[in-house]
Amino acid sequence: GAGVSQSPRYKVAKRGQDVALRCDPISGHVSLFWYQQALGQGPEFLTYFQNEAQLDKSGLPSDRFFAERPEGSVSTLKIQRTQQEDSAVYLCASSLGGTGLNEKLFFGSGTQLSVL
Amino acid sequence: GDSVTQMEGPVTLSEEAFLTINCTYTATGYPSLFWYVQYPGEGLQLLLKATKADDKGSNKGFEATYRKETTSFHLEKGSVQVSDSAVYFCALKRSSASKIIFGSGTRLSIRP
């Protein structure tokens with residue numbers, strides 16, 4: 001497909017389980033972002049990659065959250081020992097260049113994580 | 001820190017009504033301002049943007065003007081359609097930052 005693809009679309013986890021969320025950005029896009037969107041709220045920034053380099057991880061809420069993009073394309077967001085407060089939609093976005101104001105951001109449809 | 005506040009929804013209007021969704025921001029310096037839209041079942045997409053004071057962003061009949069004196073970026077449309085039903089997010093970004101800061105979103109429903 002031509003857009004940003006995220007999988008799975010829905011994920012249900014028991015509290016304490018580890019989860020891995022996948023993002024396939026648009027081919028050739030240098031920048032990749034992860035956002036967390038709680039119910040009824042706007043997206044909140046988690047982390048940013050430029051190619052394989054994680055340049056900003058200031059939004060990761062705890063050391064249970066880890067993201068990687070080892071080959072500069074597909075990215076995985078991993079959450080260890082999930083808690084109920086981790087329940088949210090996790091959005092991935094990509095852009096062709098860097099983080100400049102003229103860069104157009106393309107968002108995926110998100111992975112809805114429910115922690116029981 | 002930087003933040004965005006937008007009017008709470010849901011907002012329900014009849015087709016062809018005039019729309020205003022209020023948005024104000026708090027930031028030091030001169031951020032760029034955006035409106036994003038999320039249609040049902042789709043990803044967020046940029047609707048319009050303005051990068052400096054008094055700039056007007058426009059797209060698909062929607063407009064918003066960057067007002068530095070009132071720190072506002074209200075979204076307006078003269079005549080809404082059923083197809084405009086969606087969630088609208090006001091957002092800001094500093095030129096030096098990697099992240100976009102979003103408001104909490106306003107759900108808009110248009111009835112025929």
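Numbers restart at 1 for each chain; the letters A, B, ... are given by sequence-line order, proteins then strands.
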Are A:Pro43 and B:Tyr36 side-chain neighbours, meaning at least one heavy-atom pair lies under 4.5 Å?
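With C-beta onward as the side chain, the pair stays apart.
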
[X] [atom1]: over 12 foreign heavy atoms closer than 6.0 Å:
X: B:Tyr30; atom1: OH; value: no
X: A:Leu116; atom1: CG; value: yes
X: B:Lys99; atom1: NZ; value: no
X: B:Glu16; atom1: CD; value: no
X: B:Lys52; atom1: NZ; value: no
X: A:Gln17; atom1: CD; value: yes

Residue-level interface, [range] with chain B, non-hydrogen cut-off under 4.5 Å:
range: residues 29-38 of chain A; value: A:Phe33, A:Tyr35, A:Gln37
range: residues 62-80 of chain A; value: none
range: residues 6-15 of chain A; value: none
range: residues 47-59 of chain A; value: A:Tyr48, A:Asp56

Quick one: which of B:Ser98, B:Gly103, B:Gly43 has the most heavy-atom pairs under 4.5 Å with chain A, could you say?
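Of B:Ser98, B:Gly103, B:Gly43, B:Ser98 has the most heavy-atom pairs under 4.5 Å with chain A.
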
[X], [Y]: one ILVMFWY side-chain cluster at the under-4.5 Å cut-off?
X: B:Val11; Y: B:Tyr39; value: yes
X: A:Leu46; Y: A:Val89; value: no
X: A:Phe107; Y: B:Leu48; value: no
X: B:Phe102; Y: B:Val4; value: no
X: A:Ile26; Y: A:Leu91; value: no

Contact part of [X] toward chain A, heavy-atom cut-off under 4.5 Å: side chain, backbone, both or neither?
X: B:Ala97; value: backbone
X: B:Gln38; value: side chain
X: B:Ile101; value: neither

Rounded to the nearest 0.5 Å, what separates atom CZ in A:Phe106 from atom CG in B:Leu46?
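That separation rounds to 9.5 Å.
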
Heavy atoms only: give me the nearest A:Gly42-B:Phe89 pair and the separation to one decimal.
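The pair with the smallest heavy-atom distance is CA-CE2, 3.6 Å.
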
